Amino acid sequence: MPAALAVKSLVKRYGRNVLALNGVSFEVDKGDFFVIIGPSGCGKSTLLRCVAGILNYDGGEIYIDGRNVSNVPAHKRNISYMPETYALFPHMRIYDNVAFRLRMQNFDESEIKKEVKRALELVGLAGFEERWPSELSGGQRQRVALARAVVANPSLLLLDEPLSHVDYRLQRKLMEDFKNIHKNLGNTWVLTTHIQEQGLSLADTLMVMNVGVIEQKGKPNEIYESPRTVFAARFVGDINLYSGQVVEQKGELCTVKTNMGEFKGIYKGTGEIIGKTVAYGIRPNHILISSVEERRENSFRARLVSAYYFGEFIEYIFERPDGVQVKVHADPMPVKLGEEYAVSWDTIRGIILDKPSVIEGLNIEDVIYGR
Ligand SMILES: Nc1ncnc2c1ncn2[C@@H]1O[C@H](COP(=O)(O)OP(=O)(O)OP(=O)(O)O)[C@@H](O)[C@H]1O
Ligand SMILES: [Mg+2]
């Protein structure tokens with residue numbers, strides 16, 4: 001079975017100076033909920049617009065269901081695209097908004113009626129046909145936009161940041177709705193976001209983008225637990241990062257010598273890294289705090305210098321006498337500001353990375369310390 005979408009060596013320039021896509025290649029399986037995550041300006045919208053057929057590109061190929069669509073116009077690609085700044089037509093009732101694309105494609109009215117009804121039911125807005133967009137809440141408008149996109153059941157749905165214009169609670173609700181609608185339709189969705197929580201929880205497959213390139217593609221938990229680059233590690237969650245040299249390597253198990261001592265961790269890459277300068281990372285929720293010395297491989301003592309309340313966890317900042325800080329996310333603990341504690345973590349939680357990014361020529365220490 002061919003991939004629902006295959007993008008091969010896609011290159012897109014804007015003018016002379018902006019290389020928005022620098023040879024991007026990836027595949028999306030049929031039925032997948034595929035999420036592209038990356039910082040502002042990395043090329044997410046550019047990529048979707050190329051796939052949608054509304055933007056010309058400078059190199060590479062795009063295949064939809066195994067068919068090279070390089071010369072196929074947008075409306076013949078059997079896809080539906082919801083742009084980042086989608087807008088409902090304010091002068092059209094909800095029914096006509098949803099029917100719009102079908103009318104453009106010359107469906108007959110009885111077919112349109114059936115399809116609009118189905119799409120509105122799917123997004124939980126049956127009975128809203130006669131309303132005007134101005135008579136809906138933000139979340140309802142978002143769902144009408146989705147109904148407009150899923151009408152006529154396209155095989156591939158491209159949604160550009162569909163959840164960034166609504167409040168947090170509504171985002172959570174819509175995320176759940178999206179997952180259910182996707183399951184009911186059984187087609188392929190490609191959605192972009194720059195919010196890590198959305199990426200991790202929505203995606204069957206997650207793809208992390210950096211400026212014009214793909215940093216990593218995989219299951220959300222794979223990228224979170226075994227990132228391949230410092231950039232990917234940071235983009236899917238908070239992480240403490242320190243530089244050091246690898247002094248021992250036994251399979252995946254490595255020892256890294258840092259300014260704070262030697263720590264053991266896991267290296268998932270291939271090849272010999274002894275002697276190399278690497279990043280040693282620990283996620284803040286994987287660190288344990290104790291008032292007595294822990295007998296673990298990885299530990300040091302540090303003083304609690306601040307604590308921030310985040311509701312679901314508390315962020316504790318500890319500082320060593322040499323000024324190095326470590327961030328810990330935990331439930332409220334009986335700890336006191338200014339007191340010293342033992343900070344420790346399991347070797348399996350130590351993430352060792354030898355690449356700052358897939359972009360060549362970056363210095364790993366500069367990237368770790370944000371220089
Ligand atoms: N029409 C254009 N002309 C020139 N440069 C453009 C144009 N559109 C986008 N760019 C540039 O191309 C790069 C990628 O932009 P793009 O909109 O694809 O990013 P994005 O990942 O969607 O960002 P965001 O998260 O902010 O939506 C950026 O550097 C942007 O400034
Ligand atoms: Mg964008």
Side-chain angles (χ1 to χ4, degrees), residues 5 7-26 28 33-62 64 69-70 74 77 79-88 138 141-142 145-146 148-149 156-168 170-171 174-175 178 189-203 205-218 220 223 227 229-237 357-362 367:
L5 170 67
V7 171
K8 298 193 176 155
S9 309
L10 197 67
V11 174
K12 170 65 192 175
R13 290 176 190 282
Y14 291 107
R16 284 227 179 118
N17 297 325
V18 181
L19 182 55
L21 298 173
N22 187 7
V24 164
S25 301
F26 65 97
V28 179
F33 199 117
F34 190 92
V35 177
I36 302 172
I37 189 168
S40 184
C42 72
K44 303 181 294 295
S45 298
T46 301
L47 178 54
L48 286 202
R49 290 164 69 208
C50 289
V51 175
I54 56 169
L55 190 64
N56 290 326
Y57 39 93
D58 302 293
E61 279 110 42
I62 296 172
I64 294 173
V69 293
S70 303
R77 293 186 179 196
I79 58 170
S80 179
Y81 163 64
M82 180 168 143
E84 194 166 350
T85 46
Y86 79 91
L88 301 180
R141 262 179 245 155
Q142 195 94 48
L146 185 66
R148 203 165 61 171
L156 180 62
L157 201 57
L158 308 169
L159 306 172
D160 198 1
E161 308 243 13
L163 295 170
S164 38
H165 308 290
V166 291
D167 70 48
Y168 180 76
L170 190 55
Q171 251 181 44
L174 287 171
M175 276 161 66
F178 277 27
W189 289 32
V190 177
L191 177 150
T192 69
T193 178
H194 56 265
I195 302 167
Q196 87 191 33
E197 185 196 40
Q198 274 181 23
L200 289 172
S201 57
L202 276 175
T205 308
L206 187 64
M207 183 165 95
V208 181
M209 275 186 79
N210 197 348
V211 186
V213 297
I214 297 167
E215 285 282 339
Q216 191 167 354
K217 188 188 119 178
I223 302 182
T229 64
V230 173
F231 181 92
R234 271 204 183 122
F235 214 81
V236 296
S357 160
V358 297
I359 297 172
E360 302 279 336
L362 298 173
V367 172

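Whatever order the structure lists them in is the order used to number ligands and atoms, beginning at 1. Fair warning: this is a prediction, and the values are worked out from it, not measured in the lab.
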Over all atoms of both residues, closest heavy-atom pair of M175 and L163: CG-CD1, 3.5 Å

Consider ligand 1: state whether an atom of it lies below 4.0 angstrom from any non-hydrogen atom of G43. yes

Angle between ring planes, W189 versus F33, binned at 30° and 60°: parallel, tilted or perpendicular? tilted

Beyond-backbone contact of S40 with H194, side-chain heavy atoms, under 4.5 angstrom: no

At a 4.0 Å threshold, what atoms of ligand 1 neighbour a non-hydrogen atom of T46? 14 (C), 15 (O), 16 (P), 18 (O)

Which of the listed options, S45, G212, G41, holds the heavy atom that is closest to atom 14 (C) of ligand 1? G41

Kindly identify the option in R49, K44, M209 whose heavy atom sits closest to atom 21 (O) of ligand 1. K44

Tell me whether C42 has any N or O atom under 3.5 angstrom from an N or O of ligand 1. yes

With a heavy-atom distance limit of 4.0 Å, tell me whether V18 approaches ligand 1 through its side chain, its backbone, both, or neither. side chain

Taking both backbone and side-chain atoms into account, decide whether S45 has an N/O/S atom under 2.8 Å from the Mg ion (ligand 2). yes

Among the N, O or S atoms of E84, the one nearest the Mg ion (ligand 2): OE1

Beyond-backbone contact of L146 with L159, side-chain heavy atoms, under 4.5 angstrom: yes

For a 4.5 angstrom cut-off between non-hydrogen side-chain atoms, does Y81 reach R49? yes

Would you mind listing which atoms of ligand 1 come within a distance below 4.0 Å of any non-hydrogen atom of A20? 12 (O)

Ligand-side contact atoms (ligand 1) for residue partner E84, heavy atom cut-off under 4.0 Å: 27 (O)

Which atoms form the tightest heavy-atom contact between S9 and S25, and what is the distance? N-OG, 2.8 Å

Once rounded to the nearest 0.5 Å, what's the spacing between atom CD1 of I223 and atom CZ of F235? 12.0 Å

Are the side chains of T46 and Y14 in contact, using a 4.5 Å heavy-atom criterion? yes

Determine whether any protein heavy atom is located less than 4.0 Å from atom 31 (O) of ligand 1. no

